[in-house]
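Reviewing the structure listed below.
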Amino acid sequence: MKVDRHSKIVELIGKYQIETQEELAEYLKKAGYHVTQATVSRDIRELKLTKVQADNGRQYYSVMHGKKDFSEKYLRIFRDCFVSMDMAQNILVIKTVSGMAMAVAEALDVLGYHEIVGCVAGDNTIMCAIRSVDDTIILMDKLKKMIAQ
């Protein structure tokens with residue numbers, strides 16, 4: 001039961017910007033999990049969830065992928081190697097500096113964008129399968145903002 005609940009929590013925080021334990025408990029209850037605030041608090045600690053800042057300044061829960069300095073390294077790899085991007089329906093095509101597509105694809109995986117189903121990388125091109133056309137547009141906007149930082 002706990003493993004299922006943890007899996008659902010990771011799914012929910014990937015899909016929604018959940019700001020509080022109470023909000024997470026409500027989403028879990030809607031999904032059929034009867035939890036207390038203490039259980040949610042323990043789950044957050046066990047999953048090593050952290051809060052990250054959204055573009056609007058508000059904070060929400062996120063899965064911590066490795067150490068924080070690794071996230072900064074992956075952000076730097078993405079920014080330094082990114083050349084351009086374009087979309088074809090729900091496929092995002094990212095061009096990189098020659099030889100860096102695999103590193104940038106790994107950075108995208110580690111950064112954990114829930115819109116991405118998977119990536120295939122060549123030498124300087126990445127093809128990302130995105131959940132929908134709308135998600136492709138949303139992700140492109142997120143990546144543009146990340147590059148501009």
Side-chain angles (χ1 to χ4, degrees), residues 1-33 35 39-96 100-122 125-149:
M1 182 71 168
K2 182 176 172 179
V3 173
D4 290 339
R5 188 176 65 246
H6 281 191
S7 177
K8 181 53 92 173
I9 289 171
V10 171
E11 177 187 329
L12 288 169
I13 66 171
K15 192 172 185 181
Y16 305 105
Q17 290 188 351
I18 298 174
E19 299 178 14
T20 65
Q21 292 180 9
E22 293 79 13
E23 188 179 356
L24 179 55
E26 284 302 313
Y27 276 109
L28 285 169
K29 287 176 185 171
K30 288 177 187 173
Y33 295 89
V35 294
T39 301
V40 171
S41 178
R42 194 169 32 256
D43 288 341
I44 288 170
R45 190 172 51 259
E46 289 174 2
L47 288 168
K48 295 182 171 99
L49 301 181
T50 186
K51 283 202 170 182
V52 296
Q53 190 166 343
D55 294 333
N56 64 6
R58 299 178 74 129
Q59 294 196 346
Y60 62 94
Y61 286 107
S62 178
V63 176
M64 181 106 159
H65 295 284
K67 296 179 182 173
K68 190 169 183 116
D69 61 326
F70 285 145
S71 292
E72 284 302 316
K73 287 179 185 179
Y74 284 115
L75 285 170
R76 191 169 52 249
I77 288 169
F78 184 86
R79 287 183 189 127
D80 290 350
C81 299
F82 174 87
V83 173
S84 66
M85 67 180 153
D86 201 355
M87 67 180 277
Q89 298 294 332
N90 67 317
I91 297 173
L92 177 61
V93 178
I94 298 174
K95 294 288 189 174
T96 69
M100 294 304 294
M102 286 189 194
V104 173
E106 175 65 13
L108 289 170
D109 286 343
V110 170
L111 294 170
Y113 292 103
H114 77 275
E115 296 91 350
I116 300 175
V117 177
C119 296
V120 178
T125 304
I126 305 165
M127 292 185 67
C128 300
I130 311 298
R131 297 191 186 284
S132 68
V133 172
D134 290 340
D135 280 344
T136 307
I137 294 166
I138 291 167
L139 180 60
M140 287 178 74
D141 188 50
K142 287 180 182 179
L143 295 176
K144 287 175 188 173
K145 288 177 182 172
M146 185 176 70
I147 292 164
Q149 291 179 344

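- Scored by the side chain to side chain contact (heavy atoms under 4.5 Å, CB included) test, Lys30 finds no partners at all (sequence neighbours excluded).
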Subject >> Test log, rule side-chain contact (heavy atoms from CB on, under 4.5 Å), inputs Phe78 and Glu106 >> reply: CA-CA 9 Å; Phe78 184 86; Glu106 175 65 13; over 6 Å; no
Let me have the donor-acceptor pairs involving side chains of residues 82-91, under 3.5 Å, with sequence neighbours excluded, atom names and distances please.
| residue | atom | partner | partner atom | Å |
| --- | --- | --- | --- | --- |
| Asn90 | ND2 | Ile130 | O | 2.9 |

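- Using a 4.5 Å cut-off on side-chain heavy atoms (C-beta onward), Val133 and Asp135 make no contact.
- Taking OG1 of Thr50 as the reference point, atom CD1 of Ile13 lies at 10.0 Å (rounded to 0.5 Å).
- Rounded to the nearest 0.5 Å, atoms CG (Asp43) and CG (Leu49) are 8.5 Å apart.
- By the 4.0 Å N-to-carboxylate-O rule, Asp141 lies close enough to Lys145 to be salt-bridged with it.
- Without hydrogens or angle criteria, Glu23 side chain to Glu19 main chain gives a donor-acceptor distance under 3.5 Å.
- When all heavy atoms of Thr20 and Tyr61 are compared, the pair lying nearest together is C-CE1, 3.8 Å.
- At distances below 3.5 Å, not a single donor-acceptor pair connects side-chain atoms of Lys8 with backbone N or O atoms of Leu28.
- A distance of 8.0 Å separates SG in Cys119 from CG in Leu92, rounded to the nearest 0.5 Å.
- The line from CD1 of Ile18 to OG of Ser62 is 11.0 Å long, rounded to the nearest 0.5 Å.
- Closest of all the heavy-atom pairs between Ile126 and Ala105 is CD1-N, 3.6 Å.
- Partners of Thr125 under the side chain to side chain contact (heavy atoms under 4.5 Å, CB included) rule, at least two apart in sequence or in another chain, are Val93, Lys95.
- Classification of Glu115 and Lys142 as a salt-bridged pair holds, one side-chain N sitting under 4.0 Å from a carboxylate O.
- For Asp80, the side-chain hydrogen bond (donor to acceptor under 3.5 Å, both in side chains) criterion is met by no residue, not counting sequence neighbours.
- Of the inter-residue distances, the one linking Leu139 atom CG with Ile116 atom CD1 reads 5.0 Å to the nearest 0.5 angstrom.
- Side chains of Gln59 and Val52 form no contact here, defined as non-hydrogen atoms less than 4.5 Å apart.
- By the side chain to side chain contact (heavy atoms under 4.5 Å, CB included) test, Ala103 pairs with Ile77, Met100, sequence neighbours left out.
- No side-chain donor-acceptor contact under 3.5 Å links Arg5 to the backbone of Tyr33.
- Annotation: side-chain hydrogen bond (donor to acceptor under 3.5 Å, both in side chains) contacts of Lys15 (sequence neighbours excluded): none.
- Atoms CD and CG, on Glu26 and Leu12 in that order, are 12.0 Å from each other to the nearest 0.5 Å.
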Original post:
Which is it for Gln17 and Arg58 under the side-chain contact (heavy atoms from CB on, under 4.5 Å) test, yes or no, and what are the steps along the way?
Top reply: CA-CA 9 Å; Gln17 290 188 351; Arg58 299 178 74 129; over 6 Å; no
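- When side chains are defined from C-beta on, Leu108 does not count as touching Tyr74, because their heavy atoms never get closer than 4.5 Å.
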